[in-house]
Amino acid sequence: TIAKVRCLPLSWPEKAKTLLSTQSQATWGQGAHQLPNDIKALNLVRSSLMRTFYNADFYSMSPLLTFALLVPVQLEPSFAMQYAGLLTFQRCISGCAQSARLAQQILTSGAANTVGPCARIQELADGPLSELIQQLLLNQIDNLELWKHNLREQWRQNLLRQLEKERSHQYQHATKIDRNMTMMFHDMLQQVADGTGHPGLQ
């Protein structure tokens, strides 16, 4: 699907929208098992996405920066799997006190070490989304859309931290990027590309 989207005469935002609409092909069933650990396969998917967005076989731009700033972060393969799994878990225990209690019992017992949703939650709880996962487990999500937004924002910061570490010679202060100002400038450049550009940039 990713390779086929590259062939479509679509703008960057339209490609992102199309890929999001077909993402369930890859994420269906997430949350029922443990985290995918085939890093090579996930990196190949990420590379395919980069080629599709930049419409080029070779690229020098960091995927970390691209997914943190320029495309919906839930397209980033590793996060896509985690995001889908967390939302599946949330739907299962939302509004059902019995399911929530059962999940807590499993998480505090040895049974959580086996393959399954609770084993997956335990894996995720040790990662960069730990605080938001605690909110999920303690049933402290008052605004689901805000919680989902915070998941995405936390992962963007995680990507920027990785960027600082992996390409410190280029992006030493990536986590200090003013995302709002950056995206305002991005939108101005988009207008220029569309022919309705900002006079000061033409």
> Which is it for K4 and T22 under the side chain to side chain contact (heavy atoms under 4.5 Å, CB included) test, yes or no, and what are the steps along the way?
Replying inline: CA-CA 12 Å; K4 291 179 180 178; T22 61; over 6 Å; no

> Do the charged groups of E153 and R156 touch, with an N to O distance under 4.0 Å?
Replying inline: yes

>> Please find the pair of heavy atoms, one from T52 and one from K15, that lie closest to each other, and give the distance.
In response: O-NZ, 2.7 Å

> Once you round to the nearest 0.5 Å, how far does CD1 of I141 lie from CG of L136?
Replying inline: 4.5 Å

>> Applying salt bridge (Lys or Arg N to Asp or Glu O under 4.0 Å) as the test, list every pair that has at least one member in residues 128-149; sequence neighbours left out.
In response: E145-K148

> Roughly how far, to the nearest 0.5 Å, is the CG atom of L20 from the CD atom of Q23?
Replying inline: 5.5 Å

>> Nearest 0.5 Å, please: how far is CG in L146 from CD in Q135?
In response: 8.5 Å

> Does a donor on one side chain and an acceptor on the other come within less than 3.5 Å for Y59 and T66?
Replying inline: no

> Got F67 and M50 here, is their nearest side-chain heavy-atom distance under 4.5 Å?
Replying inline: yes

>> Using the rule that Ile, Leu, Val, Met, Phe, Trp and Tyr join whenever any side-chain heavy atoms are under 4.5 Å apart, tell me whether I2 and L44 fall into a single cluster.
In response: no

> Does the pair Y83 and V73 meet the rule for a side chain to side chain contact (heavy atoms under 4.5 Å, CB included), with working shown?
Replying inline: CA-CA 10 Å; Y83 191 66; V73 72; over 6 Å; no

> Heavy atoms, side chains only, cut-off 4.5 Å: are I133 and L137 in contact?
Replying inline: yes

> Any sub-3.5 Å donor-acceptor pair from E14's side-chain atoms to S11's backbone N or O?
Replying inline: yes

> Are side-chain heavy atoms of F53 and L75 found at a separation under 4.5 Å?
Replying inline: yes

> Out of curiosity, Q74 CD to M81 CE, how far, rounded to the nearest 0.5 Å?
Replying inline: 13.5 Å

> Mind checking whether L49 and P63 have side chains closer than 4.5 Å, heavy atoms only?
Replying inline: no

> Can you say whether the rings of W12 and Y54 are parallel (under 30°), tilted (30 to 60°) or perpendicular (over 60°)?
Replying inline: perpendicular

>> If I take atom CD from residue Q140 and atom CD from residue Q134, how far apart are they, to the nearest 0.5 angstrom?
In response: 8.5 Å

> So, do L42 and R46 sit near enough that their side-chain heavy atoms are less than 4.5 Å apart?
Replying inline: no

>> Can you confirm whether V71 sits close enough to L19 that some side-chain heavy atom of one is under 4.5 Å from a side-chain heavy atom of the other?
In response: no

> Any donor and acceptor pair, going by atom type alone, linking the side chain of W147 with main-chain N or O of L132 inside 3.5 Å?
Replying inline: yes

> What's the shortest heavy-atom distance between L159 and A68, and which atoms?
Replying inline: CD1-N, 3.9 Å

> Could you give the distance from CD (Q162) to CH2 (W155), rounded to the nearest 0.5 Å?
Replying inline: 6.5 Å

>> Can you give me the closest heavy-atom contact between Q154 and R161, atom names plus distance?
In response: O-NH2, 4.5 Å

>> How close do A125 and S130 get, counting heavy atoms only, and between which atoms?
In response: O-CB, 3.0 Å

